[in-house]
Amino acid sequence: MIMCRRATELMSQRLDRPLRWSERISLRFHLSMCGACCQCNRQFELLHRAGDRFTSAPSAEEPSSSNQE
Ligand SMILES: [Zn+2]
């Protein structure tokens, strides 16, 4: 089983690059056993979603607003 430190590393790396199959399995297994990292993973997912919204919103709204006018 991977350590909490390694698990949080993987959570953070997952925002920058797709994890390998073995890394995903290790992380998922750790999250199922460790409540603290499970909480931490939720925070990362919220951050990740917020980041997606910020980067995709301007380019996604631009074409539709210019079409309406
Ligand atoms: Zn942990």
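Hydrogens, waters and symmetry mates play no part in the numbers below; they use all other heavy atoms, side chains included. Only a predicted model underlies this, so the values are computations on that prediction, with no experimental measurement involved. In listed order, ligands and their atoms are each counted from 1.
Closest approach between the Zn ion (ligand 1) and any N/O/S atom of H30 involves NE2.
Linking ILVMFWY residues whenever their side-chain heavy atoms come closer than 4.5 Å, directly or via other members, places I2 and L15 in the same cluster. Connection of M3 to M11 is not established within any shared hydrophobic cluster, with ILVMFWY side chains joined at heavy-atom distances below 4.5 Å, either directly or through further cluster members.
For the pair SG of C34 and SG of C4, the angle whose vertex sits at the Zn ion (ligand 1) is 110° to 10 degrees.
Salt bridge status for E45 with R42: absent, with no side-chain N to carboxylate O gap under 4.0 Å.
Judged by distance alone, with hydrogens and angles left aside, the side-chain atoms of S12 form no donor-acceptor pair with the main-chain N or O of T8 at under 3.5 Å.
Among the atoms of C37, an N, O or S atom falls under 2.8 Å of the Zn ion (ligand 1).
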